[in-house]
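Heavy atoms only: backbone and side chains are in, while hydrogens, waters and symmetry mates are out.
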Amino acid sequence: MEKGNGMSQASAAATLQRQPATVSARIALIVFCLVAGLGYRASVSLIPAGLAEVIFVAALAALLLAAALVAKRQPAGIAYWEIPYALFVFVAAALFGDGNVSPFQRLFVQDVLHESTSTNNPLAATVTGTVLAQLFGTAMLAIPIVALTKASGAGLESIFLSRPKDWLTLVIALIVFVALYVLTMRGRTVSFFPVHGDASTARFIAFTPALVVLVLLNGFREELWFRALFLKKYARLLGPVAANLLTAIVFVSFHVQVRYSASILPFLAYALLIGLVCGWMMQRSQSILASTIFHAGTDIPIFLVYLSWTS
């Protein structure tokens, strides 16, 4: 009898997860996701960096985890529990790998690299330090995401860590990467992303090894953090288009205070377009690879600005 009840409960859970969400449930889900995502974003802007911010972010993570566990234990919440859990993973990963919040990132830069960050380069003060800080931050962000995803019982394919199923997106991404590299090298992006000091081709080429590593790491970390965590979970309840738009909106909100662009409103429109294209690539290929390379290409002029401020 106990075995039979367990099987019937599992079957009921699977049935609930296959059922489309009602309109009111979809609206509530969108509001919940925006409040959680933007709530974390607001903490980075409004709460002074330090212990108070860490406590707030940790409390937000705990609240989201509690919401996920409660939803999982309720028949009506079985179809939705993965959403607050994904948001918990998002916030928890930030405690380890988001340079704006993570005490580990600050300790690494200050006590291991013996460097400092600045408004013009939020990673470190030297080229080598910038690369090492990005590598450390990416690892510290990705490891909790992978570990907590596995702990939930989901496979890595649920966060798009799998081989591409569509190679056209990868070709497009590589073409965009090369095109933006050439445009940046020729100085075509300087008016939109002003470089500090010498903007010569020779200086750009000297920065190229560090620049390629930086943008690929950033493309991977942001695609994993902003999109791969959420797209499949949102799509099951909202559909692929709404899921892509929701992740893109949160992605844009994290760029409202950037200092590396000469004009913020066109840049936010640019960021929204990037978010939507990356989401489409990830959904079409069922892999993080193409969107990572595409995203990395769009970051080339941005990280050139960072490197131009290094000593």
> Does the side chain of L307 reach to within under 4.5 Å of the side chain of L214, using non-hydrogen atoms?
Replying inline: yes
>> Could you work out, with side-chain hydrogen bond (donor to acceptor under 3.5 Å, both in side chains) as the rule, every residue matching K233, not counting sequence neighbours?
In response: none
>> Within 45 degrees of the ring normal and closer than 6.0 Å to the centroid, is that where the cationic atom of K72 sits relative to Y85?
In response: no
>> Within this structure, what is the SG-CG distance for the pair C33 and L237, rounded to the nearest 0.5 Å?
In response: 9.0 Å
> Quick one: side-chain hydrogen bond (donor to acceptor under 3.5 Å, both in side chains) pairs with a partner in residues 140-155, sequence neighbours left out?
Replying inline: none
> Are T117 and L123 close enough, and set up right, to give a side chain to side chain contact (heavy atoms under 4.5 Å, CB included), and what steps lead you there?
Replying inline: CA-CA 6 Å; T117 61; L123 291 168; 5.8 Å; no
> Is any side-chain heavy atom of L304 closer than 4.5 Å to a side-chain heavy atom of F204?
Replying inline: yes
> Does any non-hydrogen side-chain atom of E82 lie less than 4.5 Å from one of R236?
Replying inline: yes
> Tell me, which pairs form a salt bridge (charged side-chain N to carboxylate O under 4.0 Å, His left out) where one or both residues lie in residues 277-305, sequence neighbours left out?
Replying inline: D166-R284
> Hey, any chance W309 and V195 share a hydrophobic cluster, counting ILVMFWY side chains that come within less than 4.5 Å of each other, even indirectly?
Replying inline: yes
>> Could you report the tightest heavy-atom contact between P84 and A68, atom names first, then the distance?
In response: CG-CA, 3.7 Å
> According to the side-chain hydrogen bond (donor to acceptor under 3.5 Å, both in side chains) rule, which pairs have a member within residues 124-142, sequence neighbours left out?
Replying inline: E115-T126, N121-T130, Q134-N218
> Is there a donor-acceptor contact under 3.5 Å from the side chain of T184 to the main chain of L180?
Replying inline: yes
> What distance separates I145 CD1 from W225 CH2, expressed to the nearest 0.5 Å?
Replying inline: 8.0 Å
> So how far is it from Q286 CD to L161 CG, rounded to the nearest 0.5 Å?
Replying inline: 12.0 Å
>> Q105: which residues meet the side-chain hydrogen bond (donor to acceptor under 3.5 Å, both in side chains) condition with it, sequence neighbours left out?
In response: none
> For residues 278-299, which residue pairs qualify under ring pair (Phe, Tyr, Trp, His ring centres under 6.0 Å), counting only residues two or more places apart or in two chains?
Replying inline: F251-H295
>> Holding to side-chain hydrogen bond (donor to acceptor under 3.5 Å, both in side chains), I want the full list of residues that pass it with T208, two or more places apart in sequence or in another chain.
In response: Y181
> Which value, rounded to the nearest 0.5 Å, describes the distance between I293 atom CD1 and I288 atom CD1?
Replying inline: 11.0 Å
> Would L224 and I159 satisfy side chain to side chain contact (heavy atoms under 4.5 Å, CB included), going step by step from the backbone distance to the final call?
Replying inline: CA-CA 7 Å; L224 182 64; I159 53 174; 4.2 Å; yes
>> If you compare all heavy atoms of V54 against all heavy atoms of V101, which two are closest, and at what distance to 0.1 Å?
In response: CG2-O, 3.9 Å
> Taking side chain as C-beta onward, heavy atoms only, is N120 less than 4.5 Å from H196?
Replying inline: no
>> Could you report the tightest heavy-atom contact between Y234 and L246, atom names first, then the distance?
In response: CE1-CD2, 3.5 Å
>> Are F303 and Y306, when compared by the centres of their aromatic rings, separated by less than 6.0 Å?
In response: yes
> Which atoms form the tightest heavy-atom contact between L64 and A36, and what is the distance?
Replying inline: CD2-CB, 4.1 Å
> Does S102 use its side chain to pair, donor to acceptor, with the backbone of G99 at less than 3.5 Å?
Replying inline: no
>> Suppose we screen for side-chain hydrogen bond (donor to acceptor under 3.5 Å, both in side chains). Which residues come up paired with E157, at least two apart in sequence or across chains?
In response: none
>> Apply side chain to side chain contact (heavy atoms under 4.5 Å, CB included) to residues Q283 and L231 and explain how you reach the verdict.
In response: CA-CA 8 Å; Q283 289 174 327; L231 273 179; 3.8 Å; yes
> Hey, what do you get for CG (L272) to OH (Y270), rounding to the nearest 0.5 Å?
Replying inline: 12.5 Å
> Which pairs with one or both residues in residues 239-262 pass side-chain hydrogen bond (donor to acceptor under 3.5 Å, both in side chains), sequence neighbours excluded?
Replying inline: R41-Q257, S45-Q257
> Applying the 4.5 Å side-chain criterion to the ILVMFWY set and letting contacts propagate, would V171 and V277 be lumped into a single cluster?
Replying inline: no
>> For a quick test of reading the model, state the closest non-hydrogen atom pair linking L95 to A58 and the distance between them.
In response: CD1-CA, 3.9 Å
> Going hydrophobic residue to hydrophobic residue with side-chain gaps under 4.5 angstrom, can you get from I264 over to I274?
Replying inline: yes
>> Suppose the criterion is salt bridge (charged side-chain N to carboxylate O under 4.0 Å, His left out): which pairs have a residue in residues 181-205, not counting sequence neighbours?
In response: none
> Which pair of non-hydrogen atoms, one from A61 and one from A92, has the smallest distance, and what is that distance?
Replying inline: CB-N, 4.3 Å
> Is I47 reachable from L51 through a run of I, L, V, M, F, W or Y residues, each pair having side-chain heavy atoms under 4.5 Å apart?
Replying inline: no
> Can V35 and L38 be said to form a side chain to side chain contact (heavy atoms under 4.5 Å, CB included), step by step?
Replying inline: CA-CA 5 Å; V35 168; L38 299 180; over 6 Å; no
> Do any pairs count as a salt bridge (charged side-chain N to carboxylate O under 4.0 Å, His left out) and have a residue in residues 213-225, sequence neighbours left out, and if so which ones?
Replying inline: E223-R227
> Once you round to the nearest 0.5 Å, how far does CZ of F88 lie from CG of L65?
Replying inline: 4.5 Å
> So do L211 and I300 actually touch side chain to side chain, heavy atoms under 4.5 Å?
Replying inline: yes
> Restricting to pairs with a member in residues 26-76, which pass ring pair (Phe, Tyr, Trp, His ring centres under 6.0 Å), not counting sequence neighbours?
Replying inline: Y40-F90, Y40-F254
> Would you say L87 and F230 make side-chain contact, with heavy atoms under 4.5 Å?
Replying inline: yes
> If Ile, Leu, Val, Met, Phe, Trp and Tyr residues are connected whenever their side-chain heavy atoms lie under 4.5 Å apart, and connections chain through other members, are L276 and V241 in the same group?
Replying inline: no
> S285 side chain to K165 main-chain N or O, any donor-acceptor pair under 3.5 Å?
Replying inline: no
